[in-house]
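Remember, it's 1-based here, ligands and their atoms both numbered in the order they're listed. Quantities reported herein were computed from a predicted structural model and do not represent experimental measurements. We use all heavy atoms of the structure for the numbers below, so side chains are in, but hydrogens, waters and symmetry mates are not.
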Amino acid sequence: MKTYYSEHFTIGENGHLCLDGVDLVEVAERFGTPAYVMSESHLRENCRAFTEAMQRNFGSRYKVAYASKALCARFIYPILASEGIHADVVSGGELYTALKAGFDPKHLHFHGNNKTVSELEMAVDCGIGSVIIDAFEEVDRLEAICAKKGVHQRVLFRVKPGVHADTHEFISTGQNDSKFGFGIEDGEAMRMTRYILEHKHLDFAGIHCHIGSQVFSIDGFARAAKIMFDFFCRIERELHITMDEMIIGGGFGVKYMPEDEPGTFGEKIDAMGQVMRDEAARLGREVPEIVIEPGRSMVCAAGCTLYTVGSVRDIKDARCYVSVDGGMPDNPRFALYQAKYDAVVANRADAPRDKLQTIAGRCCESGDLVARDLQFQTAKAGDILCVFATGAYNYSMASNYNRVPRPPILLVSDGMVREVVRRETYEDLIRNDL
Ligand SMILES: *Cc1c(COP(=O)(O)O)cnc(C)c1O
């Protein structure tokens, strides 16, 4: 059977694109467009693939923590919990969502280079698993909060491993010139360690890094793993302490376009595992508990977006613009990074990809495109377009620009579709207007 993008997308006898056997054209008719659609089985497969890769490398001493910022809404947390997955949050809003979804706060950790005092209080109050410190001032703030409440907080802090991930500049974070983390070479990371240890309400548990996002090469991960592990051992040796955990971030690249070859996340985890086992043998010690934080790679491929084509403008000696009823409000990634997406006409998915077209959004911005110069079925008004791989950084980055209500998220499970985030209404848009 012909598939698109992943084996979860098949084509029915009527030529309609299906997700896990559910006809996406019918979904568009029933729920309207634009709409995000997500495969629960694909999401669970990803959870299990991460768990298996970690198990084969680190035995029982690992955690997989989903990076909430890729897609944060209540429905996702019970699914993650049932697969034994932990999560990170980067704001009070994400923390609130996870808690309201009934997620165990002990299975959460809190990131951010500038968490507010009230966010830190909220984290301490709910009994969050750990806070990943990313500023000297934050040490003082957190100590003051804990001292006032008479509680201890488990903390790690963010290290800059000095690895430059070969990805887009805005999503590369491990290099020296970064607003995140403390450098090893310049002594800042060691200074931060000592500083945390001086504060008696903070329980120092380990170190964290995250080199960037949408990284394809195995090499960057392996280098970061070695640098981090060596530094971990150096802290223990020089300061005569023991730590229990090392978080090595997310960033596993995914396939957006048919020609992308991101490799698998399993091969990257294997490479990190190998490096750490080698280092552990060389230094005569055990590998500490290892935590990874996949965001994009957990949800991206499991999601797609459905749009309705409104108009087609074929400009002579220029481009053919296919305009859809969404765009940068629901997917700002072209506008932000000139990200690439693949798409098909869902109601003629079996037809040849016969024309070079540009999918344009509905906003009053020339930069509002979904895909530029993409070869797919000749589109006409009324067609349903399916854009693949929109599970990550779409809903979570969506805005109401041009006062456009945000689309719903529809979850496909066991051959059924249900709304897990409802479509915003015009009333929602003015709710906070006084
Ligand atoms: C964004 C982020 C992640 C997840 O990155 P992905 O590329 O989506 O896997 C993990 N850890 C931290 C600290 C992040 O900021």
Side-chain angles (χ1 to χ4, degrees), residues 43 46-47 49-50 53-54 62-72 76 80 85-91 93-95 98 108-115 119 123 128-135 138 155-161 163 165-175 178-182 206-218 220-221 224-225 228 245-256 260 262-266 268-269 272 290-303 333 336-337 339 389-397:
L43 175 58
N46 288 345
C47 293
F50 273 112
M54 291 301 281
Y62 74 89
K63 284 180 211 149
V64 178
Y66 167 66
S68 293
K69 75 177 190 280
L71 170 63
C72 181
I76 204 160
L80 297 172
I85 306 288
H86 292 218
D88 77 35
V89 293
V90 295
S91 69
E94 287 186 357
L95 176 56
L108 291 171
H109 61 267
F110 194 3
H111 279 301
N113 66 308
N114 195 15
K115 307 172 196 79
E119 286 175 325
I128 200 163
S130 11
V131 173
I132 317 304
I133 288 175
D134 201 358
E138 191 179 41
V155 301
L156 291 84
F157 78 92
R158 183 159 181 164
V159 172
K160 214 184 290 211
V163 171
D166 52 349
T167 182
H168 192 288
E169 186 194 346
F170 292 176
I171 50 177
S172 175
T173 52
Q175 72 279 16
S178 163
K179 70 170 181 172
F180 300 106
F182 293 91
I207 53 176
H208 160 269
C209 78
H210 170 69
I211 59 172
S213 198
Q214 188 58 355
V215 181
F216 283 19
S217 89
I218 296 176
F221 289 101
M228 288 293 284
E245 187 175 277
M246 193 164 98
I247 309 182
I248 46 185
F252 308 102
V254 304
K255 188 183 184 92
Y256 282 100
D260 288 346
T264 62
F265 41 76
K268 288 160 190 116
I269 293 167
M272 292 193 278
I290 301 296
V291 183
I292 53 164
E293 304 170 316
R296 187 191 309 272
S297 49
M298 192 69 102
V299 290
C300 185
R333 294 191 66 258
L336 280 171
Y337 325 111
T390 60
Y393 303 111
N394 271 235
Y395 174 73
S396 65
M397 283 187 163

Could you tell me, for ligand 1, which of its N or O atoms are under 3.5 Å from any protein N or O, listing the pairs and their distances rounded to 0.1 Å?
unit_1   : atom_1 : unit_2 : atom_2 : d
ligand 1 : 7 (O)  : Ser213 : OG     : 2.3
ligand 1 : 7 (O)  : Gly251 : N      : 3.4
ligand 1 : 8 (O)  : Arg296 : N      : 2.7
ligand 1 : 8 (O)  : Tyr393 : OH     : 2.6
ligand 1 : 9 (O)  : Gly251 : N      : 2.9
ligand 1 : 9 (O)  : Gly295 : N      : 2.9
ligand 1 : 11 (N) : Glu293 : OE1    : 2.7
ligand 1 : 15 (O) : Lys69  : NZ     : 2.7

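Between Phe50 and Phe265, the ring planes lie parallel to each other; the angle is under 30°, not in the 30° to 60° tilted range.
The two residues Val254 and Ser297 come nearest to each other via the heavy atoms CG1-CA, 3.5 Å. Annotation for Lys255 and Asp260: closest pair NZ-O, 3.2 Å, computed over non-hydrogen atoms.
Tested against Ile247 for a side chain to side chain contact (heavy atoms under 4.5 Å, CB included), the candidates His210, Glu293, Lys63 yield a single pass: Glu293.
Judged purely by atom type and a 3.5 angstrom limit, Lys160 uses its side chain to pair as donor or acceptor with the backbone of Ser178.
Ionic pairing of Glu138 and Lys115 is present here: one or more N-O contacts between side-chain nitrogen and carboxylate oxygen are shorter than 4.0 angstrom.
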